[in-house]
*Asks:* 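Have a look at this one.
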Amino acid sequence: MRCFKSLCPDLKKRYQHSKKAAVKGMEVSKLEIEGNSLGKVSYRASPKETWHPSSKLYEDIESRRSTVENILNALRNPDINMVGVHGMGGIGKTTLAKEVGKQVEEQRLFDALVFVEISEKPDIMKIQGAIADKLGLEFREETESGRARALYERCKKESKLLIILDNIWKGLDLEIVGIPFANDHPGCKLMLTARSIDVLSNDMNSLKNFPVNRLDDKEAQDLFMKVAGACIEQHGLQSLALDVAKSCGGLPIAIVTVAKALKNAEECEWKSALHELQHPSVENLEESVATEAYSCIKLSYDHLKSEELKSTFLLCSTMIFISNASIKMLLRYAMGLRLFNTIDTMEAARDRINTLIQKLKKSSLLLDSPKGEIFFMHDVVRDVGISIAWRDRHMFTMKENLVIQDLAGENTLKNCTYIILHDITELPGELDCPQLEFLYMKAKTRFSKIPDNFFKGMPNLRVLHLIEMVLSPLPASFLLLKKLQTLYLDRCHLGDTVDIGKMKNLKILVLSSYIKQLPEQIGESTRLKVLDLSKCYKLEVIPPNIISRLTQLEELYVAYDFDQWQVEGVDSERSNTSLGELEHLSKLTALQVYIPDAKLVPKGLVFQNLRRYRIGIGVERKRFRLYRIFNGNEYTRKLALKHDDANISVEDGVIKQLKGIEELKLFGNQGGVKNVLYEFNRDGFPKLKHFRVASNPEVVYIVDFPKQSEPCVAFPHLQTLSLEDLSSLEKICHGQFSSPYSFCQLRTITVTDCVKLKNIFSSSIARHLSQLQRIHVCNCENMEEIFSSIVVGGENEEVVLEKLQSLWLQKLPKVRSFSYEEEVGSTSDQERQMEGTLMPFFDGKVQFRNLKTIYLWQINLKYVLSPNSLLRSHNLERLSLENSSYEWIFSCEEVEEYPQIKSLNVCGLGNLKQIWKQDSKVDTILKSCRSLVTVMPPSTSFQNLTDLRVICCRRLIDLISSSTAKSLIQLKTMDIKECGMMTQVVTDDGGGIEDEINFKNLKSLRLGSLRRLTRFCSGNYNINFPSLETLFLVDCPKMRIFSSKVANTPMLREIEIDFERYYCDGDVNTIMERIHEKEVFPSDELTLSANEIKMILQKFPEHKFSKVKTLEVYNDESTVFPLDILQRFQNLNSLQLRDASYKEIFSCEEVEKHAETAQIKHLCLQKLDDMQQIWKQDSRLDLIVRFLESLNVVKCNSLITLMPTSASFPNLRSLKISGCNGLRSLATATVAKSLFQLEDMRISNCNEMTEIVANGDVKEDGIIFNKLGKLTLIDLSNLTCFYSGNDTLNFPSLKKLHVTGCPKMKFFCLGISSTPVLQQIKCDRRKYNLEGDLNTTIQRIHEEMDVENSLDDCADPSTQHLE
């Protein structure tokens, strides 16, 4: 039956089909479950990273290339599973990380690589997704934890996986992300980049971290040129481009950004960019050419975690422009500004500021500095900091060419909280800045006066730093600064009665002035915590009871020059302070003081609370200046003590009271101290780092262990030990060594003039000197060995000096070995001494694994090294042996174990027969070794030799074999002299089949006084010198050709033979043949020593040097210059004489005799110490000086007369005199009138010169220096004027006048001076406009300098004090 035209469904069949479908579905479901249990069997292939081409820019940058290689080596290390890279923003961390990734892929170091950039606020799910995409994983899970599990399992499928997480800002929990690590998956390694090393080392526990630093100037220039492209060269912008590149401060992001912006730009755009970089706009820095760099650094600033840290960074940024900015200054500013609200003491504040500085360094916003007390900042970081400070904190830093009056009128400064003003020319009458808390001010002109109402509008000022201002009297408004906490008066003119005592709230006062007496009113500033007088160098009086009234004082610094301490109770009416006043300062924690006599220290004076100090007691004043005694400024607990009085007890003395001494100098017998450690500090000086004991005839032991009642660790942190002139010292350490930590940090030991000392340490102590780097022992006449050891029937443990690099031993006549082991009762003293002479100095009992330099002088042994020492000093680079009795240096055949030797200096070894027997690679300098037969044995190789010099080895027939010559691939210099038996330098030993010898790197070859030398090489070899630039041959009469076959010298352009120079076109053989056949001629310059002049006169009696125009003569001990030599130089026009003993140059007879030949135009005289006059008064001077165009006289201290009265110099154009301390004047007025062609006059360092032109009779027209355009007068300490006569001086062409270091020159001349084109005078590095005539201007300059007085000393940067 059909229903609805067969469209009615068959319900029975439908039911049967659905039943079958249900069964099939269950089977499929079961199979699906089984399949899932097997896990995923395939994934999409991991896509390769696409590396940006910017990484190619760094391929030629050495600093980046080496860092990449170091990172790759770390990733190859199976023990390292995480590496970190840190550096400031924009320094190139990401680019470097990508280059590492690229190298990893190319070298197939890992099976899979993932590079993920982490955002400032990391999104875990985004990080998971990025890693999954790189690994071909598709997440089905929706939750963070579910995705982590899936990612974890996927990562474990890769046996070797590298994940680079770029730019992390804080710790990232790897488990939450789903990254298996360490023991969970040893094959998975991480590379992290961050700005802060703390994130890497503390948050992520990365133990191997690499810094990325700024590019040096060369690297920055190369990168800039590569990015900017060919437009630089095409448009002639090279010089401008270098300046722009340098102004980017080595910051890659700035370099690349600026270079791209200027690519194909016009020259005006380049100049504008340079100005923008050199003078960045504080307001618009984020819109400048270095926008990206600004953004990077701003982001680092925003991530600083505390307001304290941000404020400190901004203060550092503004302080960078401040002269001598230091952490000490930063601390004092911060205390005045109340940056640390919860801190009230200077010690706590110092700890806090040092902590903040370290955090800024770890955040890459500050740079590491070689000196701990100074902080450094990258220029770009500084500019960004200043921009932020102005925008967010109203901290203003004055830029060049701004006028403060204009800024004040525009209300630019009204809301400022900080103002730093540099080189201001004029101050407004009042500065209205009601919010101002910090003011630093330095005038352009020294000792500017401050208007009376200047401070009236700044009631909230807390820190004031004034430099070179006049404050006598104080401006009236100064006393309105009621909130002032920190006051710096730096090189200000104060007078002796400045009323600072009314500043009741003042807590920090720093005076740097030439005041002689400290104002009594300072005693009223009872809240002072810091009083710094360290740069008051002229201070003579500190009135009594000032210091004792400052009971809140925590830090006191007194200038080292102050030594007028008086004694209470002895001086009935004291006019000066006493050390007893320090007893009233119960809070004192820092002290700097010089005490001229130990007797001035009162008994019971307590120093126990001091945490930082620099104290000198009893040291001679001329030696004191602490910056000389305490080298460097790293350590802050230092004491220098000298006294010989046995009545001064050490029991309660300064040394025992001072805690944690870091540097200690002891001079004199210290009251009869015999055992330093026992009598001074039984705790072993646990903090001492530098120790010097000198001039003590009493001390017997430094450490006497048996005297110690309890086991003692002696000097556990000592780094340098210096023992000098200790005539009774028997041992440094006596008795059984009680602790392996004694002396364990010792790096340098110096022992001189200790006549009873037989050794430095026993081997039991030496065994623990693992940090020792330098040993210096000198003039110890009974020293027998450096280390000693007594062995009782058994083998002694060997000593390893792992880090020893330098060994200097001088004048030790009895020394027999470096380390001598002896069994008790084995030999007598006489037998030991005889045995010692046969022993090698280095006998192999001490290992020197890093010893690089050995210097031995007056050591009486037969030889230096033995076979046992071979493998123990294989890093030796420099060996110097002088004035000793060695017969051999290397007595063994395995010299190849010294592959690193680069320099061997042998001098005064009259008994030396042989240096080595086998292969060695050394720079060789041999002098006066007259018994030496063999220098370089045949068949030896010297592949690292760079410098070979052999002098006065008269038995040598040849120097090296042809086989050895072929090994000299690094040789750069060869100098062979006075070897009278030598016939050739290279001899044919028949070794090898090559017919060429290549001196690949030889640049200089000198052969002198080799009278039997016929060839450099007579063998059948072509000799190549591809780098040779200098060939010098003298007194080699038999050498008419260089070599038997071809000698190629493509770089040689000149040959000097017997003091004449000849042009060379590269074929030295042909040139030498032509020279001897008189077919070529010499060049025009020649330098001769005295011996060489004698040789010319004796051996070349007829030779003419017709081509020579310039002759230089040196080291002549004759009293008169031999003018006969000038007959050989008919075309000479320049004569230079130096380092000679001439008393005069031109005598009367000689001048007339050689008048026609001596037409000298240029005369230079240097270091002629015996010369009193150049020519005699009665000589026919006109025959010589009529041609003279330039006269230069340097360091001729006996010279009394330069230009005789009868002389005339009609053609002299240049006159330069320096360091002639016998001259009182330059010339008479008559001679000066003849200098009408003179264009340049420079007189310097002539301490006795009182005037330039001596007074004399002159006609009415005066003295005219018609063409003189430049006049320079420098460091003429007694010069009073240029001319003391009343005649008129005319300088119609004078454009430049420079006067420096002439303190007594109060006027230019007594008469009238005319300088119509002169506009400025340069004086002491400053330029002064000419006002009126020269006399008026110089008088004005001198008055200003009078006000300064001797303040130059105050600014001496070498003077150091407690930081």
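The basis for the numbers below is simple: all heavy atoms, side chains too, and nothing from hydrogens, waters or symmetry mates.
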*Asks:* Sub-3.5 Å donor-acceptor pair from the side chain of Ser387 to the main-chain atoms of Asp383, do we have one?
*Replies:*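 Answer holds: no.
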*Asks:* Using modelled atom types only, decide if a donor and an acceptor are shared between the side chain of Ser363 and the backbone of Leu365 within a distance under 3.5 Å.
*Replies:* no
*Asks:* Before you tell me yes or no, could you show the steps for Asp111 and Lys160 under salt bridge (charged side-chain N to carboxylate O under 4.0 Å, His left out), namely the whole-Å CA-CA distance, both residues' side-chain angles and the distance that decides it to 0.1 Å?
*Replies:* CA-CA 5 Å; Asp111 299 330; Lys160 295 179 68 177; over 6 Å; no
*Asks:* Please check if the number of heavy atoms outside Asp173 that lie under 6.0 Å from its CG is greater than 12.
*Replies:* yes
*Asks:* I'd like to know whether NZ of Lys359 has more than 12 heavy-atom contacts from other residues, nucleotides or ligands below 6.0 angstrom.
*Replies:*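 Not more than 12 within 6.0 Å, no.
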*Asks:* State whether the side chain of Lys246 and the backbone N or O of Ala241 hold a donor-acceptor pair below 3.5 Å, judged by distance alone.
*Replies:*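 Side chain of Lys246 to backbone of Ala241: no pair is present.
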*Asks:* Give a yes or no on whether the backbone of Ser770 and the side-chain of Lys803 come within a donor-acceptor separation of less than 3.5 Å.
*Replies:* no
*Asks:* Which residue pairs satisfy the ring-ring contact (aromatic ring centres under 6.0 Å, His included) criterion with at least one member in residues 178-222, sequence neighbours excluded?
*Replies:*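 Applying ring-ring contact (aromatic ring centres under 6.0 Å, His included) to every pair that reaches into residues 178-222, excluding sequence neighbours, yields nothing.
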*Asks:* For atom CG of Leu207, decide whether the heavy atoms of other residues, nucleotides or ligands shown that lie under 6.0 angstrom number more than 12.
*Replies:* no
*Asks:* Between Arg154 (side chain) and Leu135 (backbone), is there a donor-acceptor pair under 3.5 Å?
*Replies:*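 Yes, Arg154 side chain to Leu135 backbone: donor-acceptor pair under 3.5 Å.
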*Asks:* Suppose we call two aromatic rings close when their centres sit under 6.0 Å apart. Are Tyr418 and Phe396 close by that rule?
*Replies:*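 Between Tyr418 and Phe396, the centre distance exceeds or equals 6.0 Å.
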*Asks:* Report yes or no: does Lys134 contribute a side-chain atom to a donor-acceptor pair with the main-chain N or O of Phe115 at less than 3.5 Å?
*Replies:*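 It does hold such a pair.
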*Asks:* Does the Thr397 side chain pair with the main chain of Thr318, one donor and one acceptor, at a distance under 3.5 Å?
*Replies:* no
*Asks:* Is the count of non-hydrogen atoms from other residues, nucleotides or ligands lying under 6.0 Å from Glu142 atom CD greater than 12?
*Replies:* no
*Asks:* Using the salt bridge (charged side-chain N to carboxylate O under 4.0 Å, His left out) rule, take Lys226 and Asp222 through it: C-alpha gap first, then chi angles, then the decisive distance, then the call.
*Replies:* CA-CA 6 Å; Lys226 186 181 290 187; Asp222 291 344; over 6 Å; no
*Asks:* When you measure from the side chain of Gln128 to the backbone of Ile176, do you find a donor-acceptor pair of N or O atoms at a distance under 3.5 Å?
*Replies:*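 Judged by distance alone, yes, a pair lies under 3.5 Å.
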*Asks:* Would you find a donor on one side and an acceptor on the other, under 3.5 Å apart, between the side chain of Glu219 and the backbone of Ser63?
*Replies:* yes
*Asks:* Can any side-chain N or O of Asn850 pair as donor or acceptor with the backbone N or O of Glu802 at less than 3.5 Å?
*Replies:* yes
*Asks:* Is any side-chain heavy atom of Leu161 closer than 4.5 Å to a side-chain heavy atom of Lys189?
*Replies:* no
*Asks:* So which atom in Asn167 and which in Thr193 form the shortest heavy-atom distance, rounded to 0.1 Å?
*Replies:*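 Nearest pair, atom of Asn167 first, then Thr193: N-OG1, 2.6 Å.
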*Asks:* With sequence neighbours excluded, what pairs up with Arg76 under the salt bridge (Lys or Arg N to Asp or Glu O under 4.0 Å) test?
*Replies:*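 Arg76 satisfies salt bridge (Lys or Arg N to Asp or Glu O under 4.0 Å) with Glu69 once adjacent residues are dropped.
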*Asks:* After noting the C-alpha distance and the side-chain angles of Arg393 and Glu307, does the key distance pass the salt bridge (charged side-chain N to carboxylate O under 4.0 Å, His left out) rule?
*Replies:* CA-CA 12 Å; Arg393 306 287 183 93; Glu307 191 60 32; 2.3 Å; yes
